[in-house]
Amino acid sequence: WQVSLQTRPKGSSGPFNHMCGGILLESCWVLTAAHCIESEVEMQVMLGGVDLEKDEIYDQVIRVEKAIVHENYKKTPSALYNDIAMLQLKVMDRPYCAKESRYVKTACLTNQPFNSGTECVVSGWGVTETQKKGTNQLIQAPVLLISQEKCKAPNVYGDVLDDSMFCAGYLRGGPDSCQGDSGGPLVCERNGTHYVVGVVSWGDGCGMKNKPGVYANVGRFVDWITRHLLS
Ligand code: ARG
């Protein structure tokens with residue numbers, strides 16, 4: 001379900017560049033962050049691959065037909081609110097868009113919350129300590145769900161946090177998502193099923209003490225998402 005969202009300037013015939021992550025929900029639908037959507041660009045998604053630079057046999061590359069940004073998405077200097085968007089993929093001359101395979105699966109949705117302290121997984125091609133331009137290889141990191149109460153502490157993010165988002169990571173510092181991971185999945189497992197619980201959204205720096213990653217709270221958007229999936 002991990003997707004690489006790639007763009008190039010509208011009308012260009014040059015290469016597409018990775019700019020965000022995304023999450024495959026259905027054959028023709030990808031979930032991502034609203035702040036990943038730009039105007040004046042062409043978008044495509046790459047699925048099934050691990051290495052961004054190599055052609056791999058399980059790669060699927062599909063153009064984006066349209067982007068739907070949440071109507072209450074708001075960007076302020078301190079936070080991104082309702083940072084969620086859906087991408088409808090282009091059906092070429094087949095009855096589907098992405099084809100399910102060993103390496104391409106859809107992620108599940110749930111509005112049943114997971115407890116804080118649960119260990120979940122975030123993944124992407126974003127920046128690491130050693131690779132400032134992002135990694136070519138998809139990597140993942142464990143993160144713990146952090147309660148709203150703890151993350152709203154004045155020395156963490158205080159009152160800029162609202163219920164459209166939640167924190168995950170480590171207050172002492174450590175594994176975190178970073179630039180280039182935005183739009184990608186934070187998934188948690190329950191009874192052998194992986195659920196998308198968060199969409200990588202923002203953070204103050206990466207991996208720093210008292211500044212965990214902030215994720216769009218997917219559980220709060222399940223109705224909004226299913227409305228578009230059914231439309
Ligand atoms: N906004 C970033 C992006 O566009 C994601 C930042 C996540 N930061 C963090 N500390 N977890 O890729």
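None of the values given here were measured: they were computed from a predicted structure. Hydrogens, waters and symmetry mates are skipped; everything else that's a heavy atom, side chains included, is used. Atoms within each ligand, like the ligands themselves, are counted from 1 in listed order.
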- Message: Check the orientation of Phe221 and His70. Use parallel for under 30°, tilted for 30 to 60°, and perpendicular for over 60°.
- Response: perpendicular
- With backbone taken as N, CA, C and O and side chain as the heavy atoms from C-beta onward, which portion of Asp181 lies under 4.0 Å from ligand 1: side chain, backbone, both, or neither? backbone
- Message: Any nitrogen or oxygen of Asp176 lying under 3.5 Å from a nitrogen or oxygen in ligand 1? Just yes or no.
- Response: yes
- Task: Determine, for Tyr73 and Lys75, whether the Lys NZ or Arg CZ falls below 6.0 Å from the six-membered ring centre while staying within 45 degrees of the axis.
- Result: no
- Message: What I want to know is whether Cys206 and ligand 1 share at least one N or O pair that is separated by under 3.5 angstrom.
- Response: no
- Task: Kindly say whether the aromatic ring centers of His194 and Trp1 come within a distance under 6.0 Å.
- Result: yes
- Query: Would you call Gly183 a ligand 1 contact, heavy-atom distance under 4.0 Å?
  - Reply: no
- Cationic tip of Lys211 above Tyr157 ring, under 6.0 Å, 45° of axis: yes
- Query: Would you say Gly126 touches ligand 1, if touching means a heavy atom closer than 4.0 Å?
  - Reply: no
- Message: Are His228 and Trp29, when compared by the centres of their aromatic rings, separated by less than 6.0 Å?
- Response: no
- Among protein heavy atoms, which sits nearest to atom 6 (C) of ligand 1, and what does the distance come to when rounded to 0.1 Å? Gln179 OE1, 3.7 Å
- Item | Closest non-hydrogen atom pair between Ser27 and Thr106, with its separation | N-CG2, 4.4 Å
- For Gln137 and Asp51, test the side chains for any donor-to-acceptor distance below 3.5 angstrom and give the result as yes or no. yes
- Distance-only side-chain donor-acceptor flag, Asp162 / Ser164, under 3.5 Å: yes
- Message: Can you name the atoms of ligand 1, numbered from 1 with element, that are less than 4.0 Å from a heavy atom of Gly203?
- Response: 8 (N), 9 (C), 10 (N)
- Item | Cys20, portion touching ligand 1 at heavy-atom distance under 4.0 Å | neither
- Message: Show me which atoms of ligand 1 lie under 4.0 Å from any heavy atom of Gly180.
- Response: 3 (C), 12 (O)
- Subset of ligand 1 atoms that lie under 4.0 Å from at least one heavy atom of Gly205: 9 (C), 10 (N)
- Note on the structure: So for Pro212 against ligand 1, with non-hydrogen atoms under 4.0 Å, the contacting part is neither
- Nearest protein heavy atom with distance in Å, relative to atom 9 (C) of ligand 1: Ser177 O, 3.3 Å
- His35 touching ligand 1 at heavy-atom level, < 4.0 angstrom: yes
- Closest non-hydrogen protein atom to atom 1 (N) of ligand 1, residue and atom name please, with distance? Ser182 OG, 3.0 Å
- Message: Using a plain distance cutoff, I'd like to know if Val214 has any nitrogen or oxygen under 3.5 Å from a nitrogen or oxygen of ligand 1.
- Response: no
- Message: Do the side chains of Glu42 and Arg8 get close enough for a salt bridge, i.e. N-O under 4.0 angstrom?
- Response: yes
- Query: Quick check: does Lys211 get an N/O under 3.5 Å from an N/O on ligand 1?
  - Reply: no
- Query: Going by atom types only, do His35 and Ser182 share a side-chain donor-acceptor pair under 3.5 Å?
  - Reply: yes
